[in-house]
K.L.:
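My questions all concern the structure below.
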Protein chains: 2
Amino acid sequence: MARKKLDEIRPEQGDDAAARRTPMREFSRSLPMSLLRAREAVMRQFRPSLRNHGLTEQQWRILRALTAVDEIEVTELARVAFLLGPSLSRILRDLEGRALIERKAAENDARRAVVSISAKGLKLIEAVAPTSEVIYAAITRRYGARKLAELQEMLGALEASLAGMGAEDAEVEADE
Amino acid sequence: MARKKLDEIRPEQGDDAAARRTPMREFSRSLPMSLLRAREAVMRQFRPSLRNHGLTEQQWRILRALTAVDEIEVTELARVAFLLGPSLSRILRDLEGRALIERKAAENDARRAVVSISAKGLKLIEAVAPTSEVIYAAITRRYGARKLAELQEMLGALEASLAGMGAEDAEVEADE
DNA sequence: GGAAAGAACTTAACATGTTAATCATCTCCC
DNA sequence: GGGAGATGATTAACATGTTAAGTTCTTTCC
(Lines give C-alpha, C1' and ligand atoms only; values in the text may rest on other atoms or scores of the structure.)
Protein backbone atom coordinates (compact mmCIF):
# COMPACT_ATOMS: atom_id res chain seq x y z
CA MET A 1 0.00 0.00 0.00
CA ALA A 2 2.20 2.77 1.16
CA ARG A 3 5.16 2.12 -0.96
CA LYS A 4 8.26 3.51 -2.54
CA LYS A 5 7.92 7.13 -3.34
CA LEU A 6 11.40 7.42 -2.03
CA ASP A 7 13.15 5.46 -4.68
CA GLU A 8 14.64 8.45 -6.35
CA ILE A 9 16.40 9.42 -3.18
CA ARG A 10 19.12 6.92 -3.71
CA PRO A 11 19.21 5.80 -7.28
CA GLU A 12 20.22 2.20 -7.31
CA GLN A 13 20.90 -0.15 -10.14
CA GLY A 14 18.28 -2.78 -10.64
CA ASP A 15 19.27 -5.88 -8.81
CA ASP A 16 19.66 -9.24 -10.36
CA ALA A 17 19.04 -12.46 -8.54
CA ALA A 18 18.64 -10.83 -5.20
CA ALA A 19 15.18 -9.56 -5.90
CA ARG A 20 13.71 -11.21 -2.82
CA ARG A 21 16.62 -11.67 -0.51
CA THR A 22 18.21 -8.26 -0.54
CA PRO A 23 15.65 -5.54 -0.11
CA MET A 24 17.27 -2.31 0.99
CA ARG A 25 20.64 -2.68 -0.61
CA GLU A 26 21.31 0.98 -0.73
CA PHE A 27 20.24 1.60 2.82
CA SER A 28 22.42 -1.13 4.21
CA ARG A 29 25.35 0.30 2.31
CA SER A 30 25.19 3.74 3.84
CA LEU A 31 28.35 4.88 5.53
CA PRO A 32 26.92 4.92 9.06
CA MET A 33 25.64 1.38 8.64
CA SER A 34 28.94 0.17 7.25
CA LEU A 35 30.80 1.65 10.18
CA LEU A 36 28.30 0.27 12.64
CA ARG A 37 28.44 -3.24 11.29
CA ALA A 38 32.22 -3.25 11.05
CA ARG A 39 32.60 -2.09 14.60
CA GLU A 40 30.09 -4.60 15.85
CA ALA A 41 31.91 -7.38 14.02
CA VAL A 42 35.09 -6.38 15.80
CA MET A 43 33.60 -5.92 19.22
CA ARG A 44 31.79 -9.21 19.03
CA GLN A 45 35.20 -10.79 19.24
CA PHE A 46 36.18 -9.01 22.42
CA ARG A 47 32.98 -8.86 24.42
CA PRO A 48 32.88 -12.46 25.67
CA SER A 49 36.38 -12.25 27.10
CA LEU A 50 35.69 -8.95 28.80
CA ARG A 51 32.46 -10.32 30.13
CA ASN A 52 34.26 -13.27 31.65
CA HIS A 53 36.25 -10.79 33.68
CA GLY A 54 33.22 -8.77 34.72
CA LEU A 55 34.00 -5.81 32.50
CA THR A 56 31.97 -4.01 29.90
CA GLU A 57 33.54 -2.53 26.85
CA GLN A 58 33.47 0.98 28.28
CA GLN A 59 34.83 -0.05 31.65
CA TRP A 60 37.68 -1.73 29.83
CA ARG A 61 38.36 1.41 27.81
CA ILE A 62 38.64 3.44 30.98
CA LEU A 63 40.95 1.03 32.79
CA ARG A 64 43.00 0.61 29.66
CA ALA A 65 43.39 4.36 29.37
CA LEU A 66 44.36 4.67 33.01
CA THR A 67 47.21 2.20 32.66
CA ALA A 68 48.99 4.64 30.36
CA VAL A 69 49.16 7.49 32.85
CA ASP A 70 49.91 8.07 36.48
CA GLU A 71 46.75 10.05 37.00
CA ILE A 72 44.36 11.99 34.83
CA GLU A 73 41.56 14.47 35.22
CA VAL A 74 38.05 13.33 34.50
CA THR A 75 37.53 15.61 31.52
CA GLU A 76 40.74 14.47 29.92
CA LEU A 77 39.82 10.87 30.61
CA ALA A 78 36.50 11.40 28.85
CA ARG A 79 38.41 12.68 25.84
CA VAL A 80 40.83 9.80 25.53
CA ALA A 81 38.30 7.08 26.37
CA PHE A 82 35.77 8.77 24.09
CA LEU A 83 32.95 8.78 26.58
CA LEU A 84 30.49 11.49 27.42
CA GLY A 85 30.61 13.02 30.85
CA PRO A 86 27.46 11.41 32.23
CA SER A 87 28.51 7.93 31.14
CA LEU A 88 31.94 8.44 32.60
CA SER A 89 30.52 9.67 35.91
CA ARG A 90 28.40 6.57 36.30
CA ILE A 91 31.17 4.19 35.35
CA LEU A 92 33.72 5.85 37.61
CA ARG A 93 31.30 5.58 40.52
CA ASP A 94 31.01 1.87 39.84
CA LEU A 95 34.72 1.28 39.32
CA GLU A 96 35.53 3.20 42.48
CA GLY A 97 33.01 1.08 44.35
CA ARG A 98 34.82 -1.99 43.10
CA ALA A 99 38.14 -0.48 44.18
CA LEU A 100 39.51 -0.73 40.66
CA ILE A 101 40.30 2.98 40.54
CA GLU A 102 41.04 5.77 43.00
CA ARG A 103 39.77 9.30 42.91
CA LYS A 104 40.86 12.49 44.61
CA ALA A 105 40.32 16.19 44.17
CA ALA A 106 42.81 18.26 42.23
CA GLU A 107 45.13 20.30 44.36
CA ASN A 108 44.57 23.76 42.96
CA ASP A 109 41.01 23.42 41.73
CA ALA A 110 38.35 21.81 43.85
CA ARG A 111 36.08 21.34 40.86
CA ARG A 112 38.38 18.92 39.12
CA ALA A 113 38.76 15.30 40.05
CA VAL A 114 41.85 13.25 39.42
CA VAL A 115 41.58 9.54 38.74
CA SER A 116 44.14 6.76 38.79
CA ILE A 117 44.05 3.00 38.49
CA SER A 118 44.47 0.94 41.66
CA ALA A 119 46.68 -2.06 42.20
CA LYS A 120 43.60 -4.23 41.99
CA GLY A 121 42.63 -2.57 38.74
CA LEU A 122 46.10 -3.14 37.32
CA LYS A 123 45.90 -6.78 38.25
CA LEU A 124 42.60 -7.11 36.45
CA ILE A 125 44.01 -5.45 33.36
CA GLU A 126 46.92 -7.83 33.38
CA ALA A 127 44.53 -10.73 33.55
CA VAL A 128 42.49 -9.59 30.58
CA ALA A 129 45.22 -8.19 28.34
CA PRO A 130 46.70 -11.48 27.09
CA THR A 131 43.39 -12.68 25.71
CA SER A 132 42.73 -9.32 24.12
CA GLU A 133 46.12 -9.43 22.48
CA VAL A 134 45.41 -12.86 21.09
CA ILE A 135 42.12 -11.70 19.64
CA TYR A 136 43.65 -8.57 18.18
CA ALA A 137 46.40 -10.61 16.61
CA ALA A 138 43.86 -12.99 15.11
CA ILE A 139 41.95 -10.10 13.58
CA THR A 140 45.14 -8.64 12.18
CA ARG A 141 46.17 -11.95 10.69
CA ARG A 142 42.78 -12.54 9.11
CA TYR A 143 42.40 -9.10 7.63
CA GLY A 144 46.02 -8.43 6.88
CA ALA A 145 48.32 -6.13 8.80
CA ARG A 146 48.89 -3.79 5.89
CA LYS A 147 45.22 -3.57 5.05
CA LEU A 148 44.42 -2.92 8.67
CA ALA A 149 46.86 -0.06 8.83
CA GLU A 150 45.43 1.37 5.66
CA LEU A 151 41.91 1.11 7.03
CA GLN A 152 42.86 2.97 10.17
CA GLU A 153 44.54 5.59 8.06
CA MET A 154 41.37 6.08 6.05
CA LEU A 155 39.21 6.20 9.16
CA GLY A 156 41.42 8.87 10.61
CA ALA A 157 41.21 10.82 7.38
CA LEU A 158 37.44 10.58 7.44
CA GLU A 159 37.39 11.91 10.95
CA ALA A 160 39.65 14.77 9.93
CA SER A 161 37.52 15.53 6.88
CA LEU A 162 34.45 15.94 9.01
CA ALA A 163 36.13 17.80 11.82
CA GLY A 164 35.44 21.12 10.19
CA MET A 165 31.91 20.41 9.05
CA GLY A 166 29.89 22.34 11.52
CA ALA A 167 27.27 20.35 13.30
CA GLU A 168 24.87 23.23 12.84
CA ASP A 169 21.41 21.98 12.38
CA ALA A 170 21.55 22.55 8.65
CA GLU A 171 17.81 22.80 8.57
CA VAL A 172 17.26 26.47 7.93
CA GLU A 173 19.52 26.76 4.93
CA ALA A 174 18.24 23.52 3.54
CA ASP A 175 14.62 24.45 3.77
CA GLU A 176 14.66 28.00 2.60
CA MET B 1 24.08 27.93 27.03
CA ALA B 2 24.72 24.29 27.45
CA ARG B 3 25.27 23.40 23.85
CA LYS B 4 28.47 21.64 22.77
CA LYS B 5 29.18 18.92 25.18
CA LEU B 6 30.57 16.36 22.83
CA ASP B 7 32.26 19.02 20.80
CA GLU B 8 34.58 19.83 23.57
CA ILE B 9 35.59 16.28 24.06
CA ARG B 10 37.57 16.47 20.91
CA PRO B 11 39.32 19.80 20.91
CA GLU B 12 41.91 18.73 18.36
CA GLN B 13 45.53 18.89 19.29
CA GLY B 14 47.69 21.93 18.98
CA ASP B 15 47.60 22.88 22.61
CA ASP B 16 50.38 23.96 24.84
CA ALA B 17 50.04 20.84 26.87
CA ALA B 18 50.32 18.72 23.76
CA ALA B 19 53.93 18.04 24.57
CA ARG B 20 53.36 16.25 27.82
CA ARG B 21 50.20 14.72 26.48
CA THR B 22 49.71 11.93 23.96
CA PRO B 23 49.97 9.24 26.58
CA MET B 24 47.87 6.39 25.22
CA ARG B 25 48.79 6.55 21.62
CA GLU B 26 48.49 2.86 21.21
CA PHE B 27 45.14 2.69 22.93
CA SER B 28 43.56 5.49 20.94
CA ARG B 29 44.75 3.84 17.75
CA SER B 30 43.07 0.55 18.36
CA LEU B 31 40.69 -0.61 15.68
CA PRO B 32 37.55 -0.42 17.82
CA MET B 33 38.38 3.13 18.81
CA SER B 34 39.09 4.15 15.24
CA LEU B 35 35.76 2.77 14.11
CA LEU B 36 33.93 4.33 17.02
CA ARG B 37 35.38 7.77 16.42
CA ALA B 38 34.79 7.62 12.70
CA ARG B 39 31.20 6.64 13.14
CA GLU B 40 30.62 9.29 15.73
CA ALA B 41 32.12 11.91 13.42
CA VAL B 42 29.65 10.87 10.74
CA MET B 43 26.60 10.61 12.96
CA ARG B 44 27.31 13.96 14.53
CA GLN B 45 26.43 15.42 11.16
CA PHE B 46 23.07 13.73 10.96
CA ARG B 47 21.78 13.79 14.50
CA PRO B 48 20.71 17.46 14.70
CA SER B 49 18.59 17.19 11.59
CA LEU B 50 16.93 13.99 12.78
CA ARG B 51 16.35 15.52 16.15
CA ASN B 52 14.62 18.49 14.57
CA HIS B 53 12.12 16.05 13.17
CA GLY B 54 11.66 14.19 16.42
CA LEU B 55 13.55 11.10 15.34
CA THR B 56 16.44 9.23 16.86
CA GLU B 57 19.03 7.56 14.75
CA GLN B 58 17.50 4.13 15.29
CA GLN B 59 13.97 5.27 14.60
CA TRP B 60 15.22 6.76 11.36
CA ARG B 61 16.93 3.51 10.44
CA ILE B 62 13.71 1.62 10.92
CA LEU B 63 11.55 4.02 8.94
CA ARG B 64 14.17 4.22 6.24
CA ALA B 65 14.24 0.46 5.98
CA LEU B 66 10.47 0.28 5.82
CA THR B 67 10.31 2.61 2.83
CA ALA B 68 12.09 0.00 0.75
CA VAL B 69 9.50 -2.73 1.24
CA ASP B 70 5.78 -3.16 1.29
CA GLU B 71 5.85 -4.97 4.60
CA ILE B 72 8.38 -6.93 6.55
CA GLU B 73 8.49 -9.29 9.49
CA VAL B 74 9.99 -8.07 12.72
CA THR B 75 12.91 -10.46 12.69
CA GLU B 76 13.84 -9.51 9.17
CA LEU B 77 13.51 -5.85 10.05
CA ALA B 78 15.89 -6.35 12.95
CA ARG B 79 18.39 -7.84 10.55
CA VAL B 80 18.31 -5.06 7.98
CA ALA B 81 18.11 -2.20 10.48
CA PHE B 82 20.84 -3.88 12.54
CA LEU B 83 18.98 -3.70 15.81
CA LEU B 84 18.59 -6.28 18.53
CA GLY B 85 15.15 -7.68 19.20
CA PRO B 86 14.50 -5.91 22.48
CA SER B 87 15.49 -2.51 21.08
CA LEU B 88 13.32 -3.07 18.05
CA SER B 89 10.34 -4.10 20.18
CA ARG B 90 10.52 -0.90 22.18
CA ILE B 91 10.96 1.34 19.18
CA LEU B 92 8.16 -0.30 17.23
CA ARG B 93 5.85 0.19 20.18
CA ASP B 94 6.72 3.87 20.16
CA LEU B 95 6.47 4.31 16.41
CA GLU B 96 3.13 2.52 16.37
CA GLY B 97 1.90 4.80 19.12
CA ARG B 98 2.86 7.75 16.95
CA ALA B 99 1.06 6.19 14.01
CA LEU B 100 4.23 6.21 11.92
CA ILE B 101 4.03 2.48 11.30
CA GLU B 102 1.37 -0.20 11.19
CA ARG B 103 1.56 -3.68 12.58
CA LYS B 104 -0.47 -6.79 12.02
CA ALA B 105 -0.12 -10.50 12.63
CA ALA B 106 1.20 -12.74 9.89
CA GLU B 107 -1.46 -14.75 8.13
CA ASN B 108 -0.16 -18.25 8.57
CA ASP B 109 1.84 -17.86 11.78
CA ALA B 110 0.37 -16.04 14.74
CA ARG B 111 3.78 -15.64 16.32
CA ARG B 112 5.10 -13.41 13.61
CA ALA B 113 4.29 -9.75 13.29
CA VAL B 114 4.35 -7.86 10.01
CA VAL B 115 5.24 -4.20 9.97
CA SER B 116 4.78 -1.50 7.35
CA ILE B 117 5.23 2.24 7.21
CA SER B 118 2.13 4.41 7.37
CA ALA B 119 1.25 7.35 5.16
CA LYS B 120 2.19 9.63 8.02
CA GLY B 121 5.51 7.85 8.36
CA LEU B 122 6.18 8.23 4.67
CA LYS B 123 5.45 11.91 4.89
CA LEU B 124 7.92 12.27 7.72
CA ILE B 125 10.58 10.43 5.78
CA GLU B 126 10.06 12.67 2.83
CA ALA B 127 10.48 15.68 5.06
CA VAL B 128 13.78 14.47 6.48
CA ALA B 129 15.32 12.88 3.43
CA PRO B 130 16.36 16.04 1.56
CA THR B 131 18.45 17.31 4.44
CA SER B 132 20.01 13.91 4.93
CA GLU B 133 20.92 13.80 1.28
CA VAL B 134 22.54 17.20 1.50
CA ILE B 135 24.61 16.08 4.45
CA TYR B 136 25.59 12.82 2.80
CA ALA B 137 26.61 14.70 -0.32
CA ALA B 138 28.70 17.10 1.71
CA ILE B 139 30.50 14.22 3.39
CA THR B 140 31.11 12.57 0.04
CA ARG B 141 32.48 15.76 -1.44
CA ARG B 142 34.78 16.40 1.50
CA TYR B 143 36.17 12.92 1.73
CA GLY B 144 36.10 12.06 -1.94
CA ALA B 145 33.63 9.78 -3.64
CA ARG B 146 36.28 7.30 -4.70
CA LYS B 147 37.87 7.17 -1.30
CA LEU B 148 34.48 6.73 0.28
CA ALA B 149 33.68 3.79 -1.93
CA GLU B 150 37.04 2.26 -1.14
CA LEU B 151 36.47 2.72 2.58
CA GLN B 152 33.12 0.98 2.41
CA GLU B 153 34.71 -1.81 0.45
CA MET B 154 37.33 -2.27 3.14
CA LEU B 155 34.76 -2.15 5.90
CA GLY B 156 32.77 -4.83 4.19
CA ALA B 157 35.89 -6.92 3.80
CA LEU B 158 36.65 -6.54 7.49
CA GLU B 159 33.17 -7.70 8.34
CA ALA B 160 33.58 -10.67 6.05
CA SER B 161 36.99 -11.50 7.53
CA LEU B 162 35.57 -11.69 11.00
CA ALA B 163 32.39 -13.48 10.03
CA GLY B 164 34.01 -16.84 10.49
CA MET B 165 35.92 -16.07 13.67
CA GLY B 166 33.87 -17.85 16.23
CA ALA B 167 32.81 -15.68 19.12
CA GLU B 168 33.69 -18.46 21.49
CA ASP B 169 34.93 -17.12 24.72
CA ALA B 170 38.51 -17.89 23.84
CA GLU B 171 39.25 -17.96 27.53
CA VAL B 172 39.70 -21.61 28.18
CA GLU B 173 42.22 -22.21 25.47
CA ALA B 174 43.98 -19.00 26.28
CA ASP B 175 44.37 -19.76 29.94
CA GLU B 176 45.33 -23.39 29.84
C1' DG C 1 -3.05 -35.95 19.32
C1' DG C 2 -0.44 -34.35 22.94
C1' DA C 3 3.89 -33.45 25.35
C1' DA C 4 8.41 -31.63 24.40
C1' DA C 5 11.37 -28.84 21.81
C1' DG C 6 11.87 -24.89 18.98
C1' DA C 7 10.66 -20.09 17.13
C1' DA C 8 9.23 -15.36 17.30
C1' DC C 9 8.62 -11.95 19.74
C1' DT C 10 8.23 -9.42 24.28
C1' DT C 11 9.54 -8.07 29.01
C1' DA C 12 12.84 -7.50 32.47
C1' DA C 13 17.03 -5.76 34.32
C1' DC C 14 21.02 -3.45 34.06
C1' DA C 15 24.65 -0.49 31.55
C1' DT C 16 25.50 3.11 28.37
C1' DG C 17 24.31 7.05 24.90
C1' DT C 18 22.44 11.59 24.71
C1' DT C 19 20.79 16.00 25.98
C1' DA C 20 19.36 19.16 29.56
C1' DA C 21 19.55 20.80 34.15
C1' DT C 22 21.89 21.30 38.49
C1' DC C 23 25.68 22.13 41.81
C1' DA C 24 29.90 23.65 43.20
C1' DT C 25 33.82 26.17 42.21
C1' DC C 26 36.54 29.39 39.84
C1' DT C 27 37.70 33.69 36.99
C1' DC C 28 37.09 37.93 35.48
C1' DC C 29 36.16 42.46 36.08
C1' DC C 30 33.94 46.44 38.11
C1' DG D 1 35.77 41.78 47.56
C1' DG D 2 31.78 40.48 45.40
C1' DG D 3 28.66 39.30 41.76
C1' DA D 4 28.00 37.71 36.87
C1' DG D 5 29.34 34.38 33.97
C1' DA D 6 32.32 30.46 32.78
C1' DT D 7 33.93 25.75 33.95
C1' DG D 8 34.15 20.79 35.86
C1' DA D 9 31.48 17.35 37.39
C1' DT D 10 27.33 15.17 38.57
C1' DT D 11 22.40 14.19 38.37
C1' DA D 12 18.04 13.71 35.81
C1' DA D 13 15.35 11.84 32.23
C1' DC D 14 14.68 9.35 28.39
C1' DA D 15 16.27 6.12 24.50
C1' DT D 16 19.05 2.32 23.19
C1' DG D 17 22.52 -1.78 23.82
C1' DT D 18 22.86 -6.24 25.83
C1' DT D 19 21.79 -10.53 27.93
C1' DA D 20 18.45 -13.43 30.26
C1' DA D 21 13.88 -14.90 31.15
C1' DG D 22 9.13 -15.17 29.94
C1' DT D 23 4.92 -15.78 26.57
C1' DT D 24 2.66 -17.45 22.97
C1' DC D 25 2.35 -20.15 19.17
C1' DT D 26 4.34 -23.99 15.99
C1' DT D 27 6.58 -27.89 14.77
C1' DT D 28 8.35 -32.53 15.89
C1' DC D 29 7.94 -36.79 17.17
C1' DC D 30 6.45 -40.57 19.79
Side-chain angles (χ1 to χ4, degrees), chain A residues 32 36-37 39-41 43-44 46-52 54-62 72-79 81-98 101 103-115 167 169, chain B residues 1-9 11 32 36-37 39-40 43-44 46-52 54-62 72-79 81-98 103-115 167 169:
Chain A
L36 179 59
R37 282 202 304 259
R39 182 173 147 78
E40 175 54 31
M43 285 315 302
R44 198 195 326 273
F46 290 98
R47 254 190 288 268
S49 163
L50 293 178
R51 183 174 177 71
N52 282 347
L55 287 177
T56 66
E57 174 195 340
Q58 292 80 1
Q59 293 167 352
W60 164 257
R61 286 220 300 272
I62 291 174
I72 188 173
E73 289 181 9
V74 171
T75 298
E76 174 73 356
L77 180 56
R79 194 185 64 79
F82 210 72
L83 292 169
L84 293 176
S87 294
L88 185 54
S89 275
R90 283 178 302 219
I91 300 173
L92 288 182
R93 188 205 316 149
D94 175 75
L95 294 179
E96 191 177 18
R98 289 201 270 167
I101 67 165
R103 179 158 30 175
K104 65 176 185 181
E107 297 181 359
N108 48 347
D109 190 336
R111 291 171 304 183
R112 301 165 188 266
V114 173
V115 180
D169 288 11
Chain B
M1 180 159 80
R3 172 71 197 124
K4 68 169 178 179
K5 278 290 179 72
L6 194 64
D7 294 351
E8 295 190 334
I9 285 186
L36 180 58
R37 283 200 305 256
R39 183 174 147 78
E40 174 55 31
M43 286 315 303
R44 195 195 334 270
F46 289 99
R47 255 190 289 267
S49 163
L50 293 177
R51 182 173 177 74
N52 282 347
L55 287 176
T56 66
E57 174 195 340
Q58 292 81 1
Q59 293 166 353
W60 164 258
R61 286 218 302 271
I62 292 174
I72 188 173
E73 289 180 8
V74 171
T75 298
E76 176 72 356
L77 180 56
R79 194 184 63 80
F82 210 72
L83 292 169
L84 292 177
S87 294
L88 185 54
S89 274
R90 284 177 302 215
I91 300 174
L92 289 181
R93 189 206 314 146
D94 175 75
L95 293 178
E96 191 178 17
R98 289 202 269 168
R103 179 157 31 175
K104 65 176 185 180
E107 299 180 358
N108 49 346
D109 191 336
R111 292 171 306 181
R112 300 166 189 267
V114 172
V115 180
D169 287 13

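Proteins come first, then strands; the chains are lettered A, B, ... in the order of their sequence lines, and each starts at number 1. In this text, all values refer to a predicted model and were calculated from it rather than measured experimentally.
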K.L.:
How many Å lie between NZ on A/Lys104 and C1' on D/dG8, as a whole number?
P.N.:
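To the nearest whole Å, that distance equals 17 Å.
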K.L.:
For A/Leu55 and C/dA15, what is the distance between atoms CG and P respectively, to the nearest whole Å?
P.N.:
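Going from A/Leu55 (CG) to C/dA15 (P), I get 13 Å.
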K.L.:
Can you tell me how far P of D/dA15 sits from CZ of B/Arg61, to the nearest Å?
P.N.:
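It is 16 Å, rounded to the nearest whole Å.
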K.L.:
Would you kindly give the CD-to-P distance between A/Gln59 and C/dA15, to the nearest whole Å?
P.N.:
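Nearest whole value for this atom pair: 8 Å.
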K.L.:
Which residues pass the side chain to side chain contact (heavy atoms under 4.5 Å, CB included) test with A/Ala106, sequence neighbours left out?
P.N.:
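A/Asn108, A/Arg112, A/Val114.
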K.L.:
Find the distance B/Met43:CE to D/dT16:C1' and express it as a whole number of Å.
P.N.:
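Taking atom C1' of D/dT16 as the reference, CE of B/Met43 is at 13 Å.
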K.L.:
What pairs with A/Arg51 under salt bridge (charged side-chain N to carboxylate O under 4.0 Å, His left out), at least two apart in sequence or on another chain?
P.N.:
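Residues passing salt bridge (charged side-chain N to carboxylate O under 4.0 Å, His left out) with A/Arg51: none at all.
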K.L.:
Is the distance from OP1 or OP2 of C/dT16 to the nearest side-chain N or O of A/Thr56 less than 4.0 Å?
P.N.:
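Result: yes.
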K.L.:
Map A/Ala110 and B/Arg51 onto DNA chain C by nearest heavy atom, then report which one ends up closer to the 5' terminus.
P.N.:
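Of the two residues, B/Arg51 wins.
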K.L.:
Between B/Arg98 and B/Asp94, does at least one N-O distance fall below 4.0 Å, as a salt bridge requires?
P.N.:
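Salt bridge between B/Arg98 and B/Asp94, a charged N being under 4.0 Å from a carboxylate O: yes.
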K.L.:
Looking at B/Glu76 and B/Glu73, would you say the former's side chain and the latter's main chain have a donor-acceptor pair under 3.5 Å?
P.N.:
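Pair absent, no side-chain N/O of B/Glu76 close to backbone of B/Glu73.
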K.L.:
For A/Arg93, enumerate each residue passing the salt bridge (charged side-chain N to carboxylate O under 4.0 Å, His left out) test, keeping only those at least two apart in sequence or located in another chain.
P.N.:
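Listed in chain order: nothing, the list is empty.
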K.L.:
What string of B, S and - do you get for nucleotides 1-11 of chain C, 5' to 3', if B is base contact, S is sugar-phosphate-only contact and - is no contact with any protein heavy atom under 4.0 Å?
P.N.:
-----BBSSBB
K.L.:
Would you mind reading off the distance between B/Leu36 atom CG and D/dG17 atom P, rounded to a whole angstrom?
P.N.:
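After rounding, the gap between these two atoms is 14 Å.
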K.L.:
Whole angstrom is fine here: how far is it from CG in A/Asn52 over to P in D/dT19?
P.N.:
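Atom CG in A/Asn52 sits about 12 Å away from atom P in D/dT19.
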K.L.:
For B/Pro86, what residues pass the side chain to side chain contact (heavy atoms under 4.5 Å, CB included) criterion, not counting sequence neighbours?
P.N.:
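With neighbours one apart ignored, the set is B/Leu84.
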K.L.:
With sequence neighbours excluded, tell me which residues meet salt bridge (charged side-chain N to carboxylate O under 4.0 Å, His left out) with A/Glu40.
P.N.:
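Checked A/Glu40 against salt bridge (charged side-chain N to carboxylate O under 4.0 Å, His left out); matches are A/Arg44, A/Arg47.
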K.L.:
Is the distance from OP1 or OP2 of C/dG17 to the nearest side-chain N or O of B/Gln58 less than 4.0 Å?
P.N.:
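No, outside the criterion.
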K.L.:
Expressed in angstrom and rounded to an integer, what is the separation of B/Asp94 atom CG from D/dT16 atom P?
P.N.:
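Going from CG in B/Asp94 over to P in D/dT16 covers 7 Å.
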